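Taking it in order: structure first as structure tokens, then the write-up.
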Protein chains: 2
Amino acid sequence: MKSGLVTIKDIARELNISASTVSRALKNHPDISEETKRAVNELAQKLNYQPNAVALSLKQRRSHTIGVIIPEIVHYFFSSVISGIEDVAYDAGFNVIICQSNERYEREVANARTLLASRVDGVLVSVSKHTEDFQHLHNLQDNNIPLVFYDRIVPGLEADQVIIDDLDASYRATRHLIETGRKRIVHFAGPQKLLIGRQRKDGYVKALEEAGLEVDPSLIIEADSFEKARLAVMRLLNEKKKFDGVFATNDLTAIGAMQTIQKRGFKIPDEIAVVGFSDGRFSGITDPTLTSVDQHGYEMGTVATEMLLRRITSENSDYPYETRVLNADLIVRGSSVFL
Amino acid sequence: MKSGLVTIKDIARELNISASTVSRALKNHPDISEETKRAVNELAQKLNYQPNAVALSLKQRRSHTIGVIIPEIVHYFFSSVISGIEDVAYDAGFNVIICQSNERYEREVANARTLLASRVDGVLVSVSKHTEDFQHLHNLQDNNIPLVFYDRIVPGLEADQVIIDDLDASYRATRHLIETGRKRIVHFAGPQKLLIGRQRKDGYVKALEEAGLEVDPSLIIEADSFEKARLAVMRLLNEKKKFDGVFATNDLTAIGAMQTIQKRGFKIPDEIAVVGFSDGRFSGITDPTLTSVDQHGYEMGTVATEMLLRRITSENSDYPYETRVLNADLIVRGSSVFL
């Protein structure tokens, strides 16, 4: 074997292990055993293996760690996103550190500083509800740390982003209720000052209009929690409002509506069908189980991480920014059709 | 004012702000505005303020960041622990970075390396279910990074720890069922190879024995999920086993049991009372609501962080290690008594 022309593949063949194991052993990757690292490094030295100097210097500058800024870990959706992020990152030999803003702007700013100080190679970020100044994110970019936004994006900030088409998901959820024959569908809406609240309402309205059904403003109620839904259903029933379907902006709201409807003696889905949004951990344990929109948090995490790793590892990271729009799926269960 | 004797309090009085704001401004803490920092530093210079040199050098070596290793973020209990950690840490001027082991030993090892590379001042750790080698944790200690264990501890590893008295909590949950007049109580138990599973069963047995009730082995069933509970209840009812109470090792198991009991026409709590464990997000949205054990995750996070910050900031951190045992509370709801 001629020295200087020895490749990773040569070492792999000699030791009867995979090339990627050799590559990771040479990078001192934590997943590779000390024994394997020793064997690889000894053979590399013996064969006078010369890594591509440019590639190596790029690699050595990296911490092989990516940072995640997440609004609230307690939400099932966000914890699913983290699972997706971690699976892609660890597979690629990157570690993940997570900072939670807890929906607070000051903490998000502190998160960005902490990740910068930890010398992460890139950051995945979903901004808090209260973030209106983006200097801390520009600051990361100014330090050559690529960003990818997931779920909650920042209009005007140039970066890759992954979002879900909320309007389309709501439209399909409402159309499903219409297809089961419902004509008077209540919408429990999220706060209309938030884009997400407006888009979900717009999808509902679009489906009704397309089907030639009346959009009755008295059936559109801002209620986005278990308790608010219980009160709102109570009021609708006491006012003798007729309705045969409910589309709620999240699952807990749908479940609150379902319970009150059942307590007042109506059958689900026979008399009133209910559809939620975001398919968390609750939809499978209600009785009947809850039809809901699966937002594919895990997939969002994997896609965002793939985009970030591409930015980090590309020789030339100057290619145009990309926005990926994921579709959400309606998961039909017992609250809207007989199963 | 005599120079050299100027204190933080003097600066605070002069600027009409608190001493802790002055202290944090001098430390360049992110929560303090640039304006305040400028004013404090200018005045400190003007008055020739001399910080305690030893204390300052200790402080400057710090990153003011603590690391958290957590098994699974998706669990409500662990996300509550994180909230408690963050509230205490941010209040004290420390940032928090979180690494998830996802119950995998290799990831936990990678987590420890990442936190070491991020130069954290201390680490809060709850070990994964599969961790049997603790070299990665010793390694942190060898690098003078104090550890505090929360919830899942490592016998034999010298460190502060915070745990919950699981046996006592189960004992009280079972005693509550006995106090409502139940005599044939089913226990859906966790895996008996895990300490937590054994302790919860032991608490149940202790309460029965203390009340002079028979411990019937056919009423102790290893079932720790929604689905397993449904199957187990089905089988008990089909075998015409008589029982008037259920104590489950977690809430999802209790909810699975509740649903099947109700579907088979039994009334809760009239005919069968049900108690869960760990008071997650589900207990308030079932019908009836679920009596359960509140494990005080938030409190566990605050206590563990206070212990860690004390280790980090003490001039002499050589004091004996401490184990804090927190009590869990039973939260009585509609599944065990009429509300």
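Here the structure is a predicted model, which means the values were calculated and not measured. Chain letters run A, B, ... following the sequence lines, proteins first, then strands; residues in each count from 1.
The neighbour count for A/Lys129 NZ, taken as heavy atoms of other residues, nucleotides or ligands under 6.0 Å away, does not exceed 12. The local environment of CZ in A/Arg119 is sparse, with at most 12 non-hydrogen atoms from other residues, nucleotides or ligands closer than 6.0 Å.
Residue B/Glu72 does not touch chain A at all, counting heavy-atom pairs closer than 4.5 Å.
Between A/His136 and A/Glu108, the closest heavy-atom pair is NE2-OE2, 2.7 Å. Considering all non-hydrogen atoms of both residues, B/Ala257 and B/Phe188 come closest at CB-CE1, 3.9 Å.
Salt bridge B/Glu35/B/Arg38: absent, no basic N to carboxylate O contact under 4.0 Å.
Residue with the most contacts toward chain B among A/Ile73, A/Val68, A/Asp31: A/Ile73 (heavy-atom pairs, distance under 4.5 Å). Chain B forms more heavy-atom pairs under 4.5 Å with one residue of A/Gly256, A/Ser80, A/Ser83, A/Ser79 than with any other, namely A/Ser79. Heavy-atom pairs under 4.5 Å with chain B peak, among A/Val109, A/Thr65, A/Ile285, at A/Ile285.
Contact annotation for residues 247-255 of chain A against chain B (heavy-atom separation below 4.5 Å, listed by residue number): A/Leu252, A/Ile255. Residues of residues 287-297 of chain A having a heavy atom under 4.5 Å from any heavy atom of chain B, listed by number: A/Asp287. Close approach to chain A, defined as a heavy atom under 4.5 Å from one of its heavy atoms, is seen in B/Arg281, B/Phe282, B/Gly284 of residues 270-284 of chain B, taken by number. Heavy-atom neighbours of chain A within the stretch residues 84-99 of chain B, taken at a separation under 4.5 angstrom, comprise B/Glu86, B/Asp87, B/Tyr90, B/Asn95, B/Val96, B/Ile97, B/Ile98, B/Cys99.
In this structure, A/Asn143 contributes its side chain and A/Ile145 its backbone to no donor-acceptor pair below 3.5 Å. Using modelled atom types, one side-chain atom of A/Arg152 and one backbone atom of A/Val127 make a donor-acceptor pair closer than 3.5 Å. Proximity of a side-chain donor or acceptor of A/Asn111 to a complementary backbone N or O of A/Arg107 within less than 3.5 Å is detected.
Using a 4.5 Å heavy-atom threshold, the side chains of B/Val81 and B/Asp151 count as separate. Looking at B/Met300 and B/Phe77, their side chains come closer than 4.5 Å, going by heavy atoms from C-beta outward.
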*List the steps and the verdict of side chain to side chain contact (heavy atoms under 4.5 Å, CB included) for A/Val120 and A/Ile66.*
CA-CA 5 Å; A/Val120 294; A/Ile66 62 174; 5.7 Å; no
